[in-house]
Amino acid sequence: MASRAATMVALLLAAVAATCARAQLHDKFYSESCPSVEDVVRKEMVRALSLAPSLAGPLLRMHFHDCFVRGCDGSVLLDSANKTAEKDAQPNQTLRGFGFVERVKAAVEKACPDTVSCADILALIARDAVWLSKGPFWTVPLGRRDGSVSISNETDALPPPTSNFTVLTQLFAAVNLDAKDLVVLSAGHTIGTSHCFSFSDRLYNFTGMENPSDIDPTLEPQYMMRLKSKCASLNDNTTLVEMDPGSFKTFDTDYFKLVSKRRGLFHSDGALLTDPFTRAYVQRHATGTFKDEFFADFAASMIKMGNANPLTGSQG
(Lines give C-alpha, C1' and ligand atoms only; values in the text may rest on other atoms or scores of the structure.)
Protein backbone atom coordinates (compact mmCIF):
# COMPACT_ATOMS: atom_id res chain seq x y z
CA MET A 1 0.00 0.00 0.00
CA ALA A 2 2.76 2.43 0.97
CA SER A 3 4.77 1.79 -2.18
CA ARG A 4 1.68 2.20 -4.36
CA ALA A 5 0.89 5.51 -2.65
CA ALA A 6 4.47 6.68 -3.14
CA THR A 7 4.31 5.78 -6.82
CA MET A 8 1.03 7.66 -7.16
CA VAL A 9 2.53 10.76 -5.57
CA ALA A 10 5.59 10.55 -7.79
CA LEU A 11 3.55 10.24 -10.99
CA LEU A 12 1.19 13.07 -10.09
CA LEU A 13 3.95 15.43 -9.04
CA ALA A 14 6.05 14.58 -12.09
CA ALA A 15 3.17 15.54 -14.38
CA VAL A 16 2.59 18.80 -12.55
CA ALA A 17 6.31 19.52 -12.43
CA ALA A 18 6.47 19.22 -16.21
CA THR A 19 3.81 21.93 -16.48
CA CYS A 20 5.70 24.14 -14.04
CA ALA A 21 8.91 23.70 -15.99
CA ARG A 22 7.23 25.22 -19.02
CA ALA A 23 6.40 28.24 -16.87
CA GLN A 24 10.05 28.55 -15.77
CA LEU A 25 9.30 27.50 -12.19
CA HIS A 26 11.50 24.86 -10.59
CA ASP A 27 12.40 23.75 -7.08
CA LYS A 28 16.13 24.53 -7.50
CA PHE A 29 15.55 28.14 -8.52
CA TYR A 30 17.34 29.51 -5.45
CA SER A 31 19.90 26.70 -5.14
CA GLU A 32 22.78 29.14 -5.71
CA SER A 33 21.30 32.55 -4.89
CA CYS A 34 19.56 31.56 -1.62
CA PRO A 35 20.00 27.87 -0.77
CA SER A 36 18.76 28.39 2.81
CA VAL A 37 15.40 29.94 1.90
CA GLU A 38 13.26 26.90 2.76
CA ASP A 39 15.06 26.37 6.06
CA VAL A 40 14.59 30.03 6.98
CA VAL A 41 10.86 29.93 6.17
CA ARG A 42 10.32 26.65 8.00
CA LYS A 43 12.12 27.86 11.12
CA GLU A 44 9.76 30.83 11.31
CA MET A 45 6.74 28.61 10.61
CA VAL A 46 7.65 26.12 13.33
CA ARG A 47 8.08 28.95 15.80
CA ALA A 48 4.78 30.62 14.87
CA LEU A 49 2.61 27.50 14.77
CA SER A 50 4.00 26.21 18.05
CA LEU A 51 2.62 29.37 19.63
CA ALA A 52 -0.51 29.79 17.47
CA PRO A 53 -1.41 26.58 15.57
CA SER A 54 -4.67 28.17 14.41
CA LEU A 55 -2.60 30.44 12.14
CA ALA A 56 -2.05 27.58 9.66
CA GLY A 57 -5.49 27.94 8.06
CA PRO A 58 -5.23 31.70 7.44
CA LEU A 59 -1.75 31.33 5.94
CA LEU A 60 -2.95 28.64 3.55
CA ARG A 61 -5.92 30.83 2.65
CA MET A 62 -3.65 33.79 1.89
CA HIS A 63 -1.86 31.80 -0.82
CA PHE A 64 -5.25 30.91 -2.36
CA HIS A 65 -6.31 34.54 -2.35
CA ASP A 66 -3.04 35.58 -3.94
CA CYS A 67 -3.16 33.02 -6.76
CA PHE A 68 -6.79 33.60 -7.81
CA VAL A 69 -6.18 37.30 -8.49
CA ARG A 70 -3.55 38.13 -11.13
CA GLY A 71 -1.90 34.78 -10.51
CA CYS A 72 0.55 33.97 -7.72
CA ASP A 73 2.35 37.31 -7.70
CA GLY A 74 2.25 38.49 -4.08
CA SER A 75 -0.20 41.26 -4.97
CA VAL A 76 -2.43 40.38 -2.01
CA LEU A 77 0.31 41.80 0.24
CA LEU A 78 0.51 45.23 -1.38
CA ASP A 79 -0.72 48.35 0.41
CA SER A 80 -2.52 51.27 -1.20
CA ALA A 81 -2.58 54.84 0.09
CA ASN A 82 -6.19 55.27 -1.03
CA LYS A 83 -7.30 51.80 0.15
CA THR A 84 -7.94 50.34 -3.32
CA ALA A 85 -5.61 47.33 -3.12
CA GLU A 86 -6.67 43.67 -2.98
CA LYS A 87 -6.21 43.51 0.78
CA ASP A 88 -8.75 46.36 1.14
CA ALA A 89 -11.51 44.49 -0.72
CA GLN A 90 -14.33 42.83 1.22
CA PRO A 91 -13.25 39.22 0.51
CA ASN A 92 -9.83 39.96 2.01
CA GLN A 93 -10.99 41.88 5.08
CA THR A 94 -10.83 38.67 7.11
CA LEU A 95 -7.38 37.57 5.94
CA ARG A 96 -4.97 37.11 8.84
CA GLY A 97 -1.23 36.69 9.01
CA PHE A 98 0.09 39.74 7.16
CA GLY A 99 2.34 40.64 10.09
CA PHE A 100 3.74 37.13 10.21
CA VAL A 101 4.48 37.16 6.48
CA GLU A 102 6.41 40.41 7.04
CA ARG A 103 8.49 38.68 9.74
CA VAL A 104 9.26 35.76 7.44
CA LYS A 105 10.18 38.12 4.61
CA ALA A 106 12.53 40.02 6.96
CA ALA A 107 14.23 36.77 7.98
CA VAL A 108 14.66 35.77 4.34
CA GLU A 109 15.96 39.22 3.46
CA LYS A 110 18.53 38.96 6.24
CA ALA A 111 19.75 35.64 4.84
CA CYS A 112 19.53 36.62 1.15
CA PRO A 113 18.96 40.33 0.46
CA ASP A 114 16.91 41.29 -2.61
CA THR A 115 16.65 37.71 -3.84
CA VAL A 116 13.46 35.84 -2.91
CA SER A 117 10.03 37.06 -4.05
CA CYS A 118 7.10 37.49 -1.68
CA ALA A 119 5.06 35.28 -4.01
CA ASP A 120 7.48 32.40 -3.49
CA ILE A 121 7.50 32.99 0.25
CA LEU A 122 3.69 32.72 0.32
CA ALA A 123 3.88 29.42 -1.59
CA LEU A 124 6.44 28.01 0.86
CA ILE A 125 4.47 29.25 3.87
CA ALA A 126 1.30 27.57 2.55
CA ARG A 127 3.10 24.26 2.03
CA ASP A 128 4.61 24.33 5.51
CA ALA A 129 1.27 25.36 7.04
CA VAL A 130 -0.24 22.15 5.66
CA TRP A 131 2.73 19.92 6.46
CA LEU A 132 3.12 21.19 10.02
CA SER A 133 -0.62 20.52 10.50
CA LYS A 134 0.08 16.83 9.74
CA GLY A 135 -0.83 17.14 6.09
CA PRO A 136 1.14 16.25 2.95
CA PHE A 137 4.53 17.63 1.99
CA TRP A 138 5.38 18.60 -1.57
CA THR A 139 8.27 20.18 -3.41
CA VAL A 140 7.35 23.77 -4.25
CA PRO A 141 8.39 25.00 -7.72
CA LEU A 142 9.92 28.45 -7.30
CA GLY A 143 10.90 31.42 -9.42
CA ARG A 144 7.83 33.65 -9.25
CA ARG A 145 8.33 37.39 -9.52
CA ASP A 146 6.25 39.89 -7.55
CA GLY A 147 3.63 42.04 -9.21
CA SER A 148 3.36 45.77 -8.65
CA VAL A 149 -0.38 46.09 -9.33
CA SER A 150 -3.11 45.36 -6.78
CA ILE A 151 -6.73 46.37 -7.51
CA SER A 152 -9.53 45.77 -5.04
CA ASN A 153 -12.34 45.09 -7.52
CA GLU A 154 -10.30 42.32 -9.15
CA THR A 155 -11.03 40.20 -6.08
CA ASP A 156 -14.28 39.33 -7.86
CA ALA A 157 -12.16 36.46 -9.18
CA LEU A 158 -12.10 34.89 -5.70
CA PRO A 159 -14.61 32.04 -5.20
CA PRO A 160 -17.10 33.31 -2.57
CA PRO A 161 -18.25 30.87 0.14
CA THR A 162 -21.81 31.52 -1.12
CA SER A 163 -21.05 30.07 -4.58
CA ASN A 164 -23.00 27.29 -6.26
CA PHE A 165 -21.24 24.61 -8.30
CA THR A 166 -21.55 26.43 -11.62
CA VAL A 167 -19.93 29.59 -10.28
CA LEU A 168 -17.20 27.61 -8.54
CA THR A 169 -16.22 25.71 -11.66
CA GLN A 170 -16.15 28.91 -13.71
CA LEU A 171 -13.89 30.71 -11.24
CA PHE A 172 -11.58 27.73 -10.88
CA ALA A 173 -11.40 27.28 -14.65
CA ALA A 174 -10.23 30.90 -14.94
CA VAL A 175 -6.99 29.85 -13.23
CA ASN A 176 -6.77 26.53 -15.11
CA LEU A 177 -8.17 24.40 -12.30
CA ASP A 178 -10.77 21.71 -12.98
CA ALA A 179 -13.52 19.98 -10.99
CA LYS A 180 -11.07 17.62 -9.33
CA ASP A 181 -8.92 20.54 -8.20
CA LEU A 182 -12.08 22.18 -6.86
CA VAL A 183 -13.09 19.27 -4.64
CA VAL A 184 -9.51 18.57 -3.57
CA LEU A 185 -8.61 22.16 -2.70
CA SER A 186 -11.93 22.74 -0.95
CA ALA A 187 -10.63 20.30 1.64
CA GLY A 188 -8.25 23.02 2.75
CA HIS A 189 -11.24 23.88 4.94
CA THR A 190 -10.13 21.03 7.18
CA ILE A 191 -7.95 23.57 9.01
CA GLY A 192 -8.94 26.99 10.25
CA THR A 193 -12.00 28.97 11.27
CA SER A 194 -14.55 31.27 9.66
CA HIS A 195 -16.60 34.27 10.73
CA CYS A 196 -20.32 33.70 11.10
CA PHE A 197 -21.22 36.22 8.41
CA SER A 198 -19.66 33.97 5.76
CA PHE A 199 -22.44 31.42 6.18
CA SER A 200 -25.12 32.88 8.51
CA ASP A 201 -27.55 33.43 5.63
CA ARG A 202 -27.93 29.63 5.66
CA LEU A 203 -29.23 29.94 9.22
CA TYR A 204 -31.43 33.04 9.08
CA ASN A 205 -31.84 34.41 5.58
CA PHE A 206 -31.71 31.64 3.03
CA THR A 207 -34.51 32.99 0.82
CA GLY A 208 -34.36 36.62 1.95
CA MET A 209 -37.00 36.45 4.70
CA GLU A 210 -34.54 37.26 7.50
CA ASN A 211 -36.12 35.20 10.24
CA PRO A 212 -35.09 32.15 12.30
CA SER A 213 -37.15 29.78 10.16
CA ASP A 214 -35.58 30.88 6.87
CA ILE A 215 -32.96 28.12 6.81
CA ASP A 216 -31.04 26.24 4.16
CA PRO A 217 -32.84 22.88 3.86
CA THR A 218 -29.67 21.19 2.59
CA LEU A 219 -27.91 21.77 5.92
CA GLU A 220 -28.16 18.85 8.36
CA PRO A 221 -30.63 19.95 11.13
CA GLN A 222 -28.53 19.13 14.19
CA TYR A 223 -25.49 20.83 12.72
CA MET A 224 -27.62 23.82 11.82
CA MET A 225 -28.82 24.15 15.42
CA ARG A 226 -25.26 23.90 16.67
CA LEU A 227 -24.24 26.72 14.34
CA LYS A 228 -27.19 28.83 15.49
CA SER A 229 -26.04 28.42 19.07
CA LYS A 230 -22.71 29.96 18.07
CA CYS A 231 -23.93 32.57 15.57
CA ALA A 232 -26.73 34.34 17.39
CA SER A 233 -27.95 36.44 14.47
CA LEU A 234 -27.51 37.31 10.83
CA ASN A 235 -25.49 40.36 11.91
CA ASP A 236 -22.86 38.53 13.96
CA ASN A 237 -19.60 39.93 12.57
CA THR A 238 -17.17 38.79 15.25
CA THR A 239 -17.74 35.15 16.22
CA LEU A 240 -15.38 32.54 14.76
CA VAL A 241 -16.49 28.98 14.08
CA GLU A 242 -14.31 25.94 13.36
CA MET A 243 -14.64 24.83 9.75
CA ASP A 244 -13.81 21.24 10.71
CA PRO A 245 -15.15 20.87 14.27
CA GLY A 246 -12.99 18.69 16.47
CA SER A 247 -9.88 18.69 14.30
CA PHE A 248 -9.60 22.21 12.87
CA LYS A 249 -5.89 22.32 13.69
CA THR A 250 -5.14 19.02 11.94
CA PHE A 251 -5.02 18.48 8.19
CA ASP A 252 -7.00 15.27 7.64
CA THR A 253 -9.91 13.76 5.68
CA ASP A 254 -12.56 14.67 8.25
CA TYR A 255 -13.70 17.51 5.99
CA PHE A 256 -15.11 14.95 3.55
CA LYS A 257 -16.95 13.15 6.34
CA LEU A 258 -18.65 16.39 7.30
CA VAL A 259 -19.59 17.35 3.75
CA SER A 260 -20.97 13.87 3.05
CA LYS A 261 -23.27 14.28 6.08
CA ARG A 262 -24.43 17.71 4.86
CA ARG A 263 -22.34 19.42 7.53
CA GLY A 264 -20.15 21.48 5.25
CA LEU A 265 -20.01 24.99 6.67
CA PHE A 266 -20.35 26.99 3.45
CA HIS A 267 -22.68 26.96 0.46
CA SER A 268 -19.58 26.09 -1.57
CA ASP A 269 -18.96 23.00 0.58
CA GLY A 270 -22.52 21.78 0.12
CA ALA A 271 -22.27 22.49 -3.61
CA LEU A 272 -19.79 19.62 -3.93
CA LEU A 273 -22.70 17.21 -3.40
CA THR A 274 -24.63 18.64 -6.37
CA ASP A 275 -22.26 17.29 -9.03
CA PRO A 276 -21.81 13.55 -9.66
CA PHE A 277 -17.99 13.67 -9.95
CA THR A 278 -17.30 15.81 -6.90
CA ARG A 279 -19.97 13.99 -4.86
CA ALA A 280 -18.30 10.66 -5.65
CA TYR A 281 -14.91 12.07 -4.61
CA VAL A 282 -16.36 13.35 -1.34
CA GLN A 283 -18.03 10.02 -0.58
CA ARG A 284 -14.89 8.03 -1.40
CA HIS A 285 -12.70 10.05 0.92
CA ALA A 286 -15.37 10.31 3.61
CA THR A 287 -14.49 6.70 4.40
CA GLY A 288 -11.10 7.83 5.65
CA THR A 289 -9.37 4.86 4.03
CA PHE A 290 -7.69 6.71 1.16
CA LYS A 291 -5.66 9.32 3.01
CA ASP A 292 -2.50 8.75 0.96
CA GLU A 293 -4.48 9.19 -2.25
CA PHE A 294 -6.05 12.43 -1.05
CA PHE A 295 -2.72 13.77 0.21
CA ALA A 296 -1.18 13.10 -3.21
CA ASP A 297 -4.12 14.80 -4.92
CA PHE A 298 -3.88 17.82 -2.64
CA ALA A 299 -0.16 18.21 -3.24
CA ALA A 300 -0.65 18.01 -7.01
CA SER A 301 -3.51 20.53 -6.99
CA MET A 302 -1.55 22.95 -4.81
CA ILE A 303 1.38 22.84 -7.25
CA LYS A 304 -1.05 23.33 -10.13
CA MET A 305 -2.67 26.31 -8.40
CA GLY A 306 0.75 27.74 -7.56
CA ASN A 307 1.51 27.71 -11.26
CA ALA A 308 -1.45 30.00 -12.00
CA ASN A 309 -0.17 32.74 -14.31
CA PRO A 310 3.08 33.45 -12.47
CA LEU A 311 5.32 36.33 -13.43
CA THR A 312 8.73 34.90 -14.32
CA GLY A 313 12.04 35.92 -15.81
CA SER A 314 12.14 39.67 -16.40
CA GLN A 315 8.45 40.11 -15.55
CA GLY A 316 7.37 41.64 -12.29
Side-chain angles (χ1 to χ4, degrees), residues 8-42 44-45 59-78 86 101 104-105 107-109 111-131 135-150 154 157-158 171-178 180-182 184-185 188 295-316:
M8 186 184 308
V9 172
L11 290 173
L12 283 168
L13 298 189
V16 177
T19 301
C20 292
R22 291 195 293 272
Q24 301 176 9
L25 300 182
H26 55 90
D27 61 304
K28 303 299 183 183
F29 187 83
Y30 297 109
S31 61
E32 295 184 6
S33 61
C34 190
S36 64
V37 59
E38 295 201 37
D39 291 335
V40 173
V41 172
R42 186 160 306 126
E44 294 297 325
M45 286 293 292
L59 292 174
L60 173 60
R61 183 178 178 227
M62 191 177 296
H63 183 46
F64 275 76
H65 282 228
D66 183 37
C67 291
F68 270 82
V69 183
R70 289 186 169 266
C72 309
D73 66 347
S75 57
V76 71
L77 301 174
L78 294 177
E86 291 171 34
V101 174
V104 176
K105 178 63 175 173
V108 173
E109 281 295 304
C112 312
D114 302 322
T115 302
V116 182
S117 69
C118 291
D120 279 344
I121 289 175
L122 285 180
L124 290 170
I125 284 175
R127 188 272 309 277
D128 287 352
V130 171
W131 181 59
F137 183 91
W138 61 92
T139 300
V140 179
L142 300 167
R144 302 166 187 80
R145 301 296 187 181
D146 289 334
S148 58
V149 177
S150 187
E154 290 186 351
L158 291 169
L171 293 173
F172 270 66
V175 288
N176 300 314
L177 298 175
D178 57 26
K180 182 175 182 180
D181 299 312
L182 166 59
V184 169
L185 293 176
F295 276 20
D297 287 345
F298 192 84
S301 289
M302 284 295 292
I303 294 174
K304 187 176 176 183
M305 183 188 73
N307 192 43
N309 305 314
L311 298 174
T312 58
S314 60
Q315 301 172 309

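- In terms of modelled atom types and a separation under 3.5 Å, the side chain of Arg42 and the main chain of Asp128 share no donor-acceptor contact.
- In terms of modelled atom types and a separation under 3.5 Å, the side chain of Glu86 and the main chain of Leu78 share no donor-acceptor contact.
- Residues Leu122 and Val76 are in side-chain contact: their nearest non-hydrogen atoms beyond the backbone lie under 4.5 Å apart.
- Leu142 contributes atom CG, which lies 10.5 Å from atom NZ of Lys28 (distance to the nearest 0.5 angstrom).
- The heavy-atom pair separating Ser33 from Thr115 by the smallest distance is OG-CG2, 3.5 Å.
- Using a 4.5 Å heavy-atom threshold, the side chains of Leu171 and Leu158 count as separate.
- Listed here is the closest heavy atom pair of Leu311 and Gly147: CD1-CA, 3.6 Å.
- Ile125 places a side-chain heavy atom less than 4.5 Å from the side chain of Ile121.
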Stepwise ring pair (Phe, Tyr, Trp, His ring centres under 6.0 Å) check, Phe68 with Phe172: CA-CA 8 Å; Phe68 270 82; Phe172 270 66; 5.1 Å; yes
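- Residues meeting the disulfide (SG to SG under 2.5 Å) test with Cys118, sequence neighbours left out: none.
- Closest heavy-atom contact between Gly74 and Ala119: N-CB, 3.7 Å.
- Without hydrogens or angle criteria, Glu44 side chain to Val41 main chain gives no donor-acceptor distance under 3.5 Å.
- Between Asp73 and Arg144 there is no salt bridge, since no side-chain N of the basic residue sits under 4.0 Å from a carboxylate O of the acidic one.
- Contact check for Met305 versus Leu177: side-chain heavy atoms found under the 4.5 Å cut-off.
- Judged by distance alone, the side chain of Asp146 and the main-chain N or O of Ser75 form no donor-acceptor pair under 3.5 Å.
- The heavy-atom pair separating Ala111 from Val40 by the smallest distance is CB-CG2, 4.1 Å.
- Taking 4.5 Å as the limit, some side-chain heavy atom of Ser117 sits within range of a side-chain heavy atom of Tyr30.
- Annotation: side chain of Leu124 is not in contact with side chain of Met45 (no heavy-atom distance under 4.5 Å).
- The residues Arg127 and Glu38 are annotated as salt-bridged, a charged nitrogen and a carboxylate oxygen being separated by less than 4.0 angstrom.
- A 4.5 Å side-chain heavy-atom check between Asp178 and Asp181 finds at least one atom pair inside the cut-off.
- Looking at Lys105, its side chain does come within 3.5 Å of a backbone N or O of Val116 through a donor-acceptor pair.
- Within the 4.5 Å cutoff, side-chain heavy atoms of Val130 are placed close to those of Trp138.
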Derivation of the side chain to side chain contact (heavy atoms under 4.5 Å, CB included) call for Gln315 and Thr312: CA-CA 5 Å; Gln315 301 172 309; Thr312 58; 3.7 Å; yes
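- Summarising the geometry of Phe298 relative to Pro136, their closest heavy-atom pair is CD2-CG, 4.2 Å, with the distance given to 0.1 Å.
- Taking both residues in full, the closest heavy atoms of Met302 and Ala126 are given as CE-CB, 4.3 Å, listed atom of the first, atom of the second, then distance.
- Of the charged side-chain nitrogens involved, none lies within less than 4.0 Å of a carboxylate oxygen, so that Asp66 and Arg61 do not count as a salt-bridged pair.
- The main-chain N or O of Cys34 is never found under 3.5 Å from a side-chain atom of Ser36 such that the two would form a donor-acceptor pair.
- For the salt bridge (charged side-chain N to carboxylate O under 4.0 Å, His left out) test, no residue two or more places apart in sequence or in another chain qualifies with Asp27.
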